[in-house]
Protein chains: 2
Amino acid sequence: MIDSYKTVGENTYEMIKKDIIFGNLKPLKKLKLNELKNNYKTSISTLREILSRLSGDGFVVYEEQKGFYVSPVSESDLKEIANLRILIESHALKYSLENSNPDWEGSLLAAHHKLNLYENKLLKNKTEERSNWKRYDSEFHQTLVRNCNSNNLIELHKLIFDKYLRYQLLVLTFRGSGSIEEHKKLLDYCLERNFKKAQMVLEEHIQNGIIHANKSF
Amino acid sequence: MIDSYKTVGENTYEMIKKDIIFGNLKPLKKLKLNELKNNYKTSISTLREILSRLSGDGFVVYEEQKGFYVSPVSESDLKEIANLRILIESHALKYSLENSNPDWEGSLLAAHHKLNLYENKLLKNKTEERSNWKRYDSEFHQTLVRNCNSNNLIELHKLIFDKYLRYQLLVLTFRGSGSIEEHKKLLDYCLERNFKKAQMVLEEHIQNGIIHANKSF
DNA sequence: TTATTAAAAATATCATATATTTTGGAAATT
DNA sequence: AATTTCCAAAATATATGATATTTTTAATAA
């Protein structure tokens, strides 16, 4: 995937965010301007802009006169994020289902198909596909909420989802067939427009997800 | 209230945010760096940091190569924000009540007392107290959620609440005794730890709030 | 009116300079 | 040995000026 942004700032923003989510920049790591300047080859002013944005997103913490560092992780934070994700994603899903239409159903089906492809690869222990799997997992869940007809809700979900994603990449592992079945059920209940059941599966899905957290905080 | 921040950036951030929320910087207004530089007496680099942060918060929109402008307002956005506020604030309130304790009950009582003072002033048409009233209204609602034991939830609520506040100051007016009664009921049900009823009042309170939006979008 | 285009304005980025604050460790004190 | 004091080095905060690009404006041509 080639850079789709023009500006240095936008590209570097994506790079740093990715490095935080993927754990290349470890939690609590001090983000020294001069160091980043060398590593990302951008000016300090541009970097400060980027870190300011990231602190708004919650991936970076800023302290006056002390500077920036990567947001910490903790088990309690993970639980908070998971609960928030259940709240937001369920809520959005409800509206997506109310607004359900053939277009959306089609895109959901498509998203699930692609996700399932990578799930099967991972079942066969092709762990090098992990990053692709996460990508399609994200896309599937984004699609779930996309039809809710509230941009604020979609934006919010993306934010929370990214935070959850960070934990997944840091401390969670592929759960195997359990997760696969949940995705399938989720799809089916959505196509049936059965919110109650879909919601239950979704909640279970997210809750099951964090049980697999290894205790390496 | 004297500036409690040291840095120019922090102070100017608060100023610009306030100017957006209070409508001194109108929706869709282009935020030209040079103009801001003159008005707020800060350098362009500092301003870009600030605007980057505000775009993360959703008060400013950023477009590559085009720069920054004040986020637009619309009736549909207001409705989205209100719904989101109901969702988040109710959810947080539920946990606040579950964790209820004398300390929190005391602070809630105190917050309501102060709010009520200003509500009564406004009833007597002392409209110059409007900004104080909003301040104590904010504090009361912040107190409602403060006991939920989830920092993520508290942060999120603050963000949404500020967006709602902006609409209140731009297009909404004081509803009078209806709002006052709702606050009182809310307090009472909270002290009784009756989530169901408290939640109903809260939802009603927020819904009633946006009915008063005049159509000047 | 619409399209074209050149000039002006504004953004994006970087480098550099200065003042201030924080940090890390040496030296002094308890 | 532990704590405090104090200074130099590192890092942050802010401002300014320079340059390349991009967008906007407005004048001109079709």
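Note that the structure is a prediction, hence the values are computed from the model and not measured.
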Interatomic spacing from CG in B:Asp162 to NZ in B:Lys17 - rounded to 0.5 Å: 4.5 Å

Measure the shortest side-chain to side-chain distance between [X] and [Y] over non-hydrogen atoms and say whether it is less than 4.5 angstrom.
{"X": "A:Thr42", "Y": "A:Asn11", "answer": "no"}
{"X": "B:Leu93", "Y": "B:Cys190", "answer": "yes"}
{"X": "A:Asn83", "Y": "A:Gln207", "answer": "yes"}
{"X": "B:Arg166", "Y": "B:Pro27", "answer": "yes"}

Judged by each residue's nearest nucleotide on DNA chain C, which is more toward the 5′ side, B:Lys30 or A:Lys41? B:Lys30

Start at the 5' end of DNA chain C and walk down; is the nucleotide closest to A:Lys66 or to B:Gly67 reached first? B:Gly67

Looking only at the side chain of B:Gln65 (C-beta and beyond, no hydrogens), which of the listed nucleotides C:dT23, C:dT13, C:dA12 gets closest? C:dA12

Would you kindly give the [atom1]-to-[atom2] distance between [X] and [N], to the nearest whole Å?
{"X": "A:Leu33", "N": "C:dC14", "atom1": "CG", "atom2": "C1'", "result": "14 Å"}
{"X": "B:Leu47", "N": "C:dT13", "atom1": "CG", "atom2": "P", "result": "16 Å"}
{"X": "B:Leu31", "N": "C:dA12", "atom1": "CG", "atom2": "P", "result": "12 Å"}
{"X": "A:Asn11", "N": "C:dA12", "atom1": "CG", "atom2": "P", "result": "13 Å"}
{"X": "A:Lys37", "N": "C:dT13", "atom1": "NZ", "atom2": "P", "result": "15 Å"}

Give [X] one of three labels, base, sugar-phosphate or nothing, depending on what nucleic acid heavy atoms sit under 4.0 Å from its own.
{"X": "A:Ile44", "value": "nothing"}
{"X": "A:Ser45", "value": "base"}
{"X": "B:Thr46", "value": "sugar-phosphate"}

End-to-end axis angle, where each axis spans five pairs of the helix from C:dT1-D:dA30 to C:dT30-D:dA1, to 10°: 30°

Quick check: B:His205 with B:His141 (ring centres under 6.0 Å apart)? yes

Given the ring of A:Phe161, does A:Lys158 sit roughly above its face, with NZ or CZ under 6.0 Å from the centre of the six-membered ring and within 45° of the axis? no

With under 30° as parallel and over 60° as perpendicular, where do the rings of A:His183 and A:His112 fit, or are they tilted in between? perpendicular

Are more than 12 heavy atoms from other residues, nucleotides or ligands located less than 6.0 Å from atom NZ of B:Lys134? yes

If the cut-off is 4.0 Å, is A:Tyr40 near the phosphate of C:dT13, judged by side-chain N/O to OP1 or OP2? no

From the 5' end of DNA chain D to its 3' end, which nucleotides mark the outer limits of contact with chain B, defined by a 4.0 Å heavy-atom distance cut-off (strictly under)? D:dA13 to D:dT24

